[in-house]
**Student:** 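Have a look at this one.
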Amino acid sequence: MAANARSDLDGNPIKAITICMIGAGGFIGSHLCEKLMAETQHKVLAVDVYSDKIKHLLEPETNPWSDRIQFHRINIKHDSRLEGLIKIADLTINLAAICTPADYNTRPLDTIYSNFIDALPVVKYCSENNKRLIHFSTCEVYGKTIGSFLPKDHDLRQDPAFYVLKEDVSPCIFGPIEKQRWSYACAKQLIERLVYAEGAENGLEFTIVRPFNWIGPRMDFIPGIDGPSEGVPRVLACFSNNLLRGEPLKLVDGGQSQRTFVYIKDAIEAVLLMIENPARANGHIFNVGNPNNEVTVKQLAEMMTEVYEKVSGEPSLEVPTIDVSSKEFYGEGYDDSDKRIPDMTIINRQLGWNPKTSLWDLLESTLTYQHRTYAEAIKKAMVKPVASSS
């Protein structure tokens, strides 16, 4: 079917729109831009301070869609051009955020400003100009499960009512103020409440997305290669970095936290459904995750070690993991959520979306990319210090 003859879920032809995408140069933004260029006729005003992850989409000589994507190098903190872009777009998607747990403790002010204060003008401009907003939040807004407050051996810990996270029912439970890890979740929850209030009071058309660990190529950075040497990315990139360098994977507090992981390409399908079905998506908060891909962080480390051995042809270490305390790894004030399993009822009912990719397959795809992209650069980087020491 030709891209210009596509229909929405109710059988109506999809009209091409202009999308102002803030944070387009990041992991999620780059995959969303790719999908919009390859499969739709929509136009994208790509707003970010970095364009490395989308530069392959911006080369006019090689792309048939070069007239449908424009890059605007804007820092949304202090740039008057932002409102102008939101005004000429039909829809704004805000992906901009500081979203690496290592920063929540060490840079709590930046975390709060980035996720709440800097997002305020975006919400305000959309509301004042009657523009639709898809705002990216996080599964972290749920905090801890109700079940985590029960005794360890309590039967109800196994009852889904005490741990499955529902958009319209589950409370948001954070740790004490001195646990600064919750600075991110709290800022994200407050901006959600503001978006929701703009909808209720001023008629803002909005959709809120709560991603549950979206995984795939181009996620985060590899420290010292395409990110700061001292940087600590999220778990998948951390483990990838260890595997690429032939180092044991560090398990924080034994890696007992449980997580679910969803493949970025599955998740982007869900976002496209939200973009193109406003009547079904407006006013809703959507969990986007894969409850079938649940593992402890320790099990994730074991799987990644096995997958990496397969894709790289390199044998794994005799001792593939080591335990570190959260205080040692993240610093003082770290706290964690025990379990994150999304309820999928609302997104399934409204958009008919279900994730498809198994954890093994998404790890294989991601680690194949990581190995192909970074293995040589890391080998060179690891040789340099030895050569230059005198």
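Predicted model, so just to flag it, every value in this text is computed and none were measured. Side-chain atoms are counted along with the backbone in the values below, which use heavy atoms only and exclude waters and symmetry mates.
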**Student:** Other residues, nucleotides and ligands only: do more than 12 of their heavy atoms fall within 6.0 Å of CG on Asp155?
**Tutor:** no
**Student:** Is the closest side-chain donor-acceptor distance between Asp266 and Thr357 under 3.5 Å?
**Tutor:** yes
**Student:** Do Arg132 side-chain atoms and Ile275 backbone N/O form a donor-acceptor pair below 3.5 Å?
**Tutor:** yes
**Student:** Under 3.5 Å, side chain of Asp90 to main-chain N/O of Thr18, donor-acceptor pair present?
**Tutor:** yes
**Student:** Rounded to the nearest 0.5 Å, what separates atom CD in Gln370 from atom OG in Ser312?
**Tutor:** 12.5 Å
**Student:** Using the rule given for side-chain contact (heavy atoms from CB on, under 4.5 Å), can you reason through Ile134 versus Thr92, listing the C-alpha separation, both sets of side-chain angles and the distance that settles it, and then say yes or no?
**Tutor:** CA-CA 6 Å; Ile134 296 180; Thr92 294; over 6 Å; no
**Student:** So does Arg340 pair up with Glu294, basic N to acidic O under 4.0 Å?
**Tutor:** no
**Student:** Just how far is it from atom CH2 of Trp360 to atom CD of Glu364, taken to the nearest 0.5 Å?
**Tutor:** 6.5 Å
**Student:** Between Asp8 and Asn12 (side chain of the first, backbone of the second, donor and acceptor by atom type, cut-off under 3.5 Å), is there such a pair?
**Tutor:** yes
**Student:** Could you go through the side chain to side chain donor-acceptor pair (under 3.5 Å) check for Gln256 and Thr296 one step at a time?
**Tutor:** CA-CA 6 Å; Gln256 292 313 301; Thr296 65; 5.6 Å; no
**Student:** Please determine whether the number of non-hydrogen atoms from other residues, nucleotides or ligands lying under 6.0 Å from atom CZ of Phe149 exceeds 12.
**Tutor:** yes
**Student:** As a test of understanding, state which of Asn75, Ile86, Asn94, Ile74 forms a side chain to side chain contact (heavy atoms under 4.5 Å, CB included) with Val47.
**Tutor:** Ile74
**Student:** Is Tyr113 atom OH crowded by more than 12 heavy atoms from other residues, nucleotides or ligands, each under 6.0 Å away?
**Tutor:** no
**Student:** Would you please classify the geometry between the Trp182 ring and the Phe174 ring as parallel, tilted or perpendicular, with 30° and 60° separating the classes?
**Tutor:** parallel
**Student:** For Ser137 and Glu192, which I'm curious about, is there any donor-acceptor pair between the side chains at under 3.5 Å?
**Tutor:** yes
**Student:** Mind checking whether Leu133 and Glu205 have side chains closer than 4.5 Å, heavy atoms only?
**Tutor:** no
**Student:** Run the salt bridge (Lys or Arg N to Asp or Glu O under 4.0 Å) check on Glu34 and Arg218 step by step: do they pass?
**Tutor:** CA-CA 12 Å; Glu34 275 183 351; Arg218 301 195 292 272; 3.2 Å; yes
**Student:** Measure the shortest side-chain to side-chain distance between Val271 and Trp214 over non-hydrogen atoms and say whether it is less than 4.5 angstrom.
**Tutor:** yes
**Student:** Are Thr366 and Ile264 close enough that some pair of their side-chain heavy atoms sits under 4.5 Å apart?
**Tutor:** no
**Student:** Passes salt bridge (Lys or Arg N to Asp or Glu O under 4.0 Å), Glu128 versus Lys124? Steps please.
**Tutor:** CA-CA 6 Å; Glu128 288 174 355; Lys124 179 170 166 277; 3.7 Å; yes
**Student:** Is there a side-chain contact between Phe239 and Asn241, using heavy atoms and a 4.5 Å cut-off?
**Tutor:** no
**Student:** Does atom OH (Tyr196) have a neighbourhood of more than 12 heavy atoms from anything else shown, all under 6.0 Å?
**Tutor:** no
**Student:** Quick check: do Trp65 and Leu36 have side-chain heavy atoms less than 4.5 Å from each other?
**Tutor:** no
**Student:** Is a side-chain donor or acceptor of Arg68 paired with a backbone partner of Thr40 at a separation under 3.5 angstrom?
**Tutor:** yes
**Student:** Taking it one step at a time, do Lys310 and Glu306 satisfy salt bridge (Lys or Arg N to Asp or Glu O under 4.0 Å)?
**Tutor:** CA-CA 7 Å; Lys310 180 186 168 190; Glu306 198 180 332; over 6 Å; no
**Student:** Do Arg280 and Asp10 sit within salt-bridge range, that is, some charged N less than 4.0 Å from a carboxylate O?
**Tutor:** yes
**Student:** Does the side chain of Lys43 reach to within under 4.5 Å of the side chain of Ile19, using non-hydrogen atoms?
**Tutor:** no
**Student:** For the residue pair Glu83 and Pro121, establish whether any side-chain heavy-atom pair is separated by less than 4.5 Å.
**Tutor:** no
**Student:** Ignoring hydrogens and angles, tell me if any N or O in the side chain of Asn293 forms a donor-acceptor pair with the backbone of Leu359 under 3.5 Å.
**Tutor:** yes
**Student:** Do His135 and Phe206 have ring centres separated by under 6.0 Å?
**Tutor:** no
**Student:** Is Arg181 salt-bridged to Glu140, going by a charged N under 4.0 Å from an acidic O?
**Tutor:** yes
**Student:** Atom CD1 in Ile88, atom CG in Asn129: separation rounded to 0.5 Å?
**Tutor:** 11.5 Å
**Student:** Examine distances only and state if a side-chain atom of Lys131 and a backbone atom of Lys87 form a donor-acceptor pair shorter than 3.5 Å.
**Tutor:** yes
**Student:** Hey, what else clusters with Leu317 if you join Ile, Leu, Val, Met, Phe, Trp, Tyr whenever side-chain heavy atoms sit under 4.5 Å?
**Tutor:** none
**Student:** Honestly curious: do Ile93 and Leu85 fall in one hydrophobic cluster under the side-chain, below-4.5 Å linking rule?
**Tutor:** no
**Student:** Please check if any side-chain donor atom of Glu276 sits under 3.5 Å from a side-chain acceptor atom of His42, or the reverse.
**Tutor:** yes
**Student:** Of all the heavy-atom pairs spanning Gly289 and Pro355, show the shortest one and how long it is.
**Tutor:** O-CG, 3.5 Å
**Student:** Kindly compute the distance separating CG (Leu300) from CD1 (Ile215), expressed to the nearest 0.5 Å.
**Tutor:** 7.5 Å
**Student:** Ser114 side chain to Thr111 main-chain N or O, any donor-acceptor pair under 3.5 Å?
**Tutor:** no
**Student:** May I ask you to check if Arg210 and Tyr142 form a cation-pi contact, with NZ or CZ under 6.0 angstrom from the six-membered ring centre and within 45° of the axis?
**Tutor:** yes
**Student:** Looking at Asn287, is its backbone amide N or carbonyl O close enough to the side chain of Glu167 to form a donor-acceptor pair, meaning the two atoms are under 3.5 Å apart?
**Tutor:** yes
**Student:** Can Phe136 and Val209 be said to form a side-chain contact (heavy atoms from CB on, under 4.5 Å), step by step?
**Tutor:** CA-CA 5 Å; Phe136 271 70; Val209 186; 3.8 Å; yes
**Student:** Is there a side-chain contact between Glu314 and Leu244 (heavy atoms, below 4.5 Å)?
**Tutor:** no
**Student:** Quick one about Ser316 and Tyr308 (side-chain donor to acceptor, distance below 3.5 Å, no hydrogens or angles considered), yes or no?
**Tutor:** no
**Student:** Under a 3.5 Å distance rule, please check whether Asn242 uses its side chain to pair with a backbone N or O of Glu247 as donor and acceptor.
**Tutor:** no
**Student:** Any ion pair linking Glu302 and Lys298 (charged N to carboxylate O, less than 4.0 Å)?
**Tutor:** yes
**Student:** For Leu251 versus Ala301, what's the shortest heavy-atom pair and its separation?
**Tutor:** CD2-CB, 3.8 Å
**Student:** Considering residues at least two apart in sequence or located in another chain, which fulfil the side-chain hydrogen bond (donor to acceptor under 3.5 Å, both in side chains) criterion with Arg73?
**Tutor:** none
**Student:** Does Ser148 use its side chain to pair, donor to acceptor, with the backbone of Thr145 at less than 3.5 Å?
**Tutor:** yes
**Student:** Looking at CE of Met37 and CD1 of Ile54, how far apart are the two atoms once the value is rounded to the nearest 0.5 Å?
**Tutor:** 9.5 Å
**Student:** Which distance, rounded to the nearest 0.5 Å, do you find between the CE of Met303 and the CG of Leu363?
**Tutor:** 5.5 Å
**Student:** I need the minimum non-hydrogen distance between Leu95 and Ile28, along with the two atoms involved.
**Tutor:** CD2-CG2, 3.6 Å
